[in-house]
Q: 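Below you'll find the structure I mean.
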Protein chains: 2
Amino acid sequence: MLRRLRYRAGMHSGRLVGRGGATLASLARELGVSRTTVSNAYNRPDQLSPALRERVMKAAERLGYAGPDPVARSLRTRKAGAIGLLLTEQVSYAFRDPAAVAFLEGLTLECDRAGIGLLLVPASPDSDDVRSVTRAAVDGFVAYSMPEDDPFLAAMLARPVPTVISDQPATDAADLVGIDDRAAMRNMADHLISLGHKRIGVICMRLGRDQHNGVVDERRQEGAGYHVQRNRLAGLRDGFEAAGVAWDRIPVVERFDHSIAAGASAAGQVLELDPGITALVATSDVLAMGAIGELRRRHKRVPQDISVTGFDGVKAALDAGVTTVSQPVTAKGREAGRLLLDPAVRHRARQVMLPTTFVAGTSTAPHHG
Amino acid sequence: MLRRLRYRAGMHSGRLVGRGGATLASLARELGVSRTTVSNAYNRPDQLSPALRERVMKAAERLGYAGPDPVARSLRTRKAGAIGLLLTEQVSYAFRDPAAVAFLEGLTLECDRAGIGLLLVPASPDSDDVRSVTRAAVDGFVAYSMPEDDPFLAAMLARPVPTVISDQPATDAADLVGIDDRAAMRNMADHLISLGHKRIGVICMRLGRDQHNGVVDERRQEGAGYHVQRNRLAGLRDGFEAAGVAWDRIPVVERFDHSIAAGASAAGQVLELDPGITALVATSDVLAMGAIGELRRRHKRVPQDISVTGFDGVKAALDAGVTTVSQPVTAKGREAGRLLLDPAVRHRARQVMLPTTFVAGTSTAPHHG
DNA sequence: TTGTAGGCGTTATCAA
DNA sequence: TTGATAACGCCTACAA
């Protein structure tokens with residue numbers, strides 16, 4: 001009885017009157033109609049006489065009822081109306097990385113088309129608290145370029161919703177959209193070899209979740225949790241070994257951060273390991289741009305003294321004339337979206353490989369040794 | 001009775017066994033424990049013996065129970081764990097506009113800090129179907145630079161959740177973070193006047209939701225639904241009228257699209273209206289960059305023949321040496337996030353104005369008339 | 001440490 | 001055209 005009284009009180013103070021506290025039920029009660037009717041007034045105006053609908057809307061306005069609660073509706077309909085995006089880094093990083101921005105543009109293009117929201121899921125790399133993933137109210141997920149052993153990724157894959165992975169990792173628990181990194185980089189290797197470069201250095205992005213900065217040995221290369229980087233290094237190795245260059249003599253330097261500054265410092269470290277290189281291969285454009293800046297600072301001319309190559313084909317690099325591999329990042333985003341949202345596509349291929357283009361820029365030149 | 005039977009059947013086929021169909025309740029039943037216990041196993045591990053918790057998790061794994069349903073949890077806790085972002089354009093536009101990207105970086109910085117998701121709400125400008133806003137499961141909203149009469153904005157303000165508006169419109173239904181556009185542009189006007197410019201042209205961004213491209217009369221300037229643009233024009237007028245220049249003789253050209261191409265075509269139109277201008281003022285950097293391209297194409301030297309100014313201080317414009325007003329876009333995003341998410345801030349000032357900086361570039365020069 | 005049970009606000013189904 | 005009823009799946013105060 002006590003409980004019932006409290007409940008009643010709630011009805012009157014918290015519910016009918018309180019700010020923002022009106023509900024579909026309270027409105028129905030107030031009007032003396034059923035909840036169904038109120039619900040229909042919002043969701044199926046045609047199922048209801050205009051007069052009654054008008055009465056409902058008026059009362060709603062008067063009572064400060066803003067329409068059906070989205071969460072309650074989602075619970076009932078089993079639809080969130082949104083998909084989630086998961087990244088390795090903090091969400092804000094995505095807006096600093098030109099490739100991520102392009103990917104997001106493509107993805108949101110499809111979200112717009114489908115009228116579906118995109119939820120950027122916070123996932124702090126220095127925490128293992130995956131609740132943000134577990135608790136995201138979404139109908140599906142896209143994971144953008146994550147390491148194989150990421151706990152957030154695992155939490156995502158455990159959710160009973162469809163999932164698409166961009167770039168990495170490959171797993172049959174989810175669809176994949178990516179490129180053939182190994183072949184693309186092999187191409188780049190052949191380009192350098194055809195220019196006469198045999199003594200090179202390499203700088204690459206992070207190979208694992210551990211914060212490693214520095215020289216990479218073969219074991220680390222092969223065990224890398226990021227298969228995109230692993231494949232790019234493998235492609236490079238393919239090319240150089242085919243040309244008779246011993247891979248283990250080539251310095252490979254890793255940076256955990258992906259930034260201009262990281263590229264610069266990595267380039268510096270490579271030069272200290274082997275001052276005699278004639279070409280520097282970066283596994284991303286951002287690193288390449290950082291490297292070029294550092295080389296110039298050290299009075300090395302690019303490409304006359306040292307050739308530099310990148311990867312990705314981001315606008316800034318193309319504008320700067322960096323020799324690179326251009327990958328269709330925006331298309332990758334679109335494809336990921338389509339895989340998740342387009343019913344026609346949803347039941348077809350689960351592995352989409354997009355084509356890349358080799359771009360000969362002005363950052364590479366023949367070496368006459 | 002019939003109904004009860006069906007219910008039972010559901011329990012066994014759809015629930016306990018079906019793929020992904022397990023619930024907290026079914027798990028509890030299976031284990032012969034209460035729902036509370038299962039809930040605690042996930043949410044309060046310390047409220048429960050390790051052994052029992054282990055049993056629960058094992059059973060969950062076996063039955064394919066992925067943990068508490070996020071939506072049901074949200075309904076119960078009255079927390080979505082996300083805030084929504086509303087834009088005038090399609091969401092994908094945000095990733096094409098450098099200022100929007102910078103704003104988003106700032107906003108997500110705060111989301112990351114708070115462990116809160118950011119939901120990008122789809123809002124097609126050519127539809128009035130605001131259900132995406134009505135149905136967004138969020139604890140708050142940020143609106144980025146919208147016109148006063150936008151229906152999506154209205155729907156957002158009708159929602160019983162806290163709201164922050166960036167730039168425009170100003171309304172006491174929501175907090176605001178912005179800059180003093182009028183004063184900043186007045187400054188720019190004074191700069192041009194001090195350089196000797198009296199005959200100028202103006203190109204501006206859209207002034208209303210109607211798709212207007214072309215000359216802007218005074219009535220349209222003053223009735224503009226975008227007060228940012230209105231204020232920038234007003235600041236310009238302030239300066240030039242103070243210098244004795246009749247505002248109504250200055251051609252003002254509007255573009256609905258905000259792009260390099262739009263800036264170029266607007267510049268062309270201004271030149272046709274008055275080929276004798278010595279300076280061209282753009283209300284954004286993107287338009288200014290488009291204009292500079294167009295002027296060069298027409299063999300006008302910038303700044304020798306015509307000075308050009310921008311607004312915003314986006315990286316590309318600063319790199320190109322455009323004379324502009326630099327506004328702290330990322331800080332604006334952060335501030336918006338803080339206003340919404342930081343409890344300490346939440347109950348203080350409701351109107352945050354950020355400082356701007358005048359940047360004298362190489363796109364303006366004295367005019368010797 | 002574990003259980004009971006009410007309520008979060010809605011929509012689907014079916015009947016009237 | 002309108003209404004009654006039964007879920008949707010969970011959290012949490014309270015009781016044991």
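Here is the naming used below: chain letters follow the sequence lines, and residue numbers restart at 1 for every chain.
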Q: Just the rounded figure in Å: distance from P of D/dC11 to CG of B/Leu27.
A: 13 Å
Q: Specify whether B/Tyr65 and B/Tyr42 have parallel, tilted or perpendicular ring planes, treating 30° as the upper limit for parallel and 60° as the lower limit for perpendicular.
A: perpendicular
Q: According to a strict under-4.0 Å criterion, is A/Thr36 in side-chain N/O contact with OP1 or OP2 of D/dG3?
A: no
Q: Hey, does A/Leu341 have a side-chain heavy atom less than 4.5 Å from the side chain of A/Cys111?
A: yes
Q: What does the inter-axis angle of the helix from C/dT1-D/dA16 to C/dA16-D/dT1 come out as, five pairs per end, nearest 10 degrees?
A: 20°
Q: With a 4.0 Å limit, can you tell me whether B/Arg44 has a side-chain N or O closer than that to the phosphate oxygens OP1/OP2 of D/dT12?
A: yes
Q: Roughly, in whole Å, what's the span from CG in A/Asn40 to C1' in C/dT11?
A: 9 Å
Q: Verify the distance criterion only: is there a donor paired with an acceptor across the side chains of B/Asp126 and B/Ser124 at less than 3.5 Å?
A: yes
Q: State which residue, out of B/Asp167, B/Val164, B/Ile165, fulfils the side chain to side chain contact (heavy atoms under 4.5 Å, CB included) condition with B/Val177.
A: B/Val164
Q: What residue pairs, at least two apart or across chains, pass side-chain hydrogen bond (donor to acceptor under 3.5 Å, both in side chains) with a residue in residues 85-94 of chain B?
A: A/Asp112-B/Ser92, B/Glu89-B/Arg206, B/Ser92-B/Arg96, B/Tyr93-B/His258
Q: Only one of A/Arg35, A/Lys58, A/Arg62 forms a salt bridge (charged side-chain N to carboxylate O under 4.0 Å, His left out) with A/Glu30, so which one is it?
A: A/Arg62
Q: Any side-chain N or O of B/Ser34 less than 4.0 Å from the OP1 or OP2 oxygen of C/dT4?
A: no
Q: B/Thr23 side chain N/O closer than 4.0 Å to the phosphate oxygens (OP1, OP2) of D/dG9?
A: no
Q: Is there a donor-acceptor contact under 3.5 Å linking the side chains of A/Asn40 and A/Arg53?
A: no
Q: Separation of B/Arg73 atom CZ from D/dC10 atom P, in whole Å?
A: 10 Å
Q: Less than 4.5 Å apart, any side-chain heavy atom of A/Val33 and any of A/Val38?
A: yes
Q: Working to the nearest 0.5 angstrom, can you tell me the gap between A/Leu107 CG and A/Ile83 CD1?
A: 5.0 Å
Q: Side-chain N or O of A/Ser74 versus OP1/OP2 of C/dT10: is the shortest distance under 4.0 Å?
A: no
Q: Please report, rounded to the nearest Å, how far the C1' atom of C/dA5 is from the CZ atom of B/Arg76.
A: 11 Å
Q: Does A/Tyr42 have a side-chain nitrogen or oxygen under 4.0 Å from the phosphate oxygens OP1 or OP2 of C/dG9?
A: no
Q: For the residue pair A/Ser39 / A/Thr36, report whether a side-chain donor-acceptor contact shorter than 3.5 Å exists.
A: no
Q: Give, ordered by number, those residues of residues 127-141 of chain B having at least one heavy-atom distance below 4.0 Å to an atom of DNA chain C; if nothing qualifies, reply none.
A: none
Q: Which is more 5' along DNA chain C, the nucleotide nearest B/Val33 or the one nearest A/Ala72? Just name the residue.
A: B/Val33
Q: If the cut-off is 4.0 Å, is B/Thr37 near the phosphate of C/dG3, judged by side-chain N/O to OP1 or OP2?
A: yes
Q: Rounded to whole Å, how long is the line connecting atom CZ of B/Arg35 with atom C1' of D/dT12?
A: 11 Å
Q: Could you give the CG-to-C1' distance, from B/Leu75 to D/dC8, as a whole number of Å?
A: 9 Å
Q: Under 4.0 Å, counting only non-hydrogen atoms across every strand here, what does B/Leu24 touch: a base, just sugar-phosphate, or nothing?
A: sugar-phosphate
Q: Just the rounded figure in Å: distance from P of C/dC8 to CG of B/Asp69.
A: 19 Å
Q: Measure CG/B/Asn43 against C1'/C/dT1 and give the value in whole Å, please.
A: 17 Å
Q: With a 4.0 Å cut-off on heavy atoms, is B/Leu48 in touch with a base, just the backbone sugar-phosphate, or nothing at all?
A: sugar-phosphate
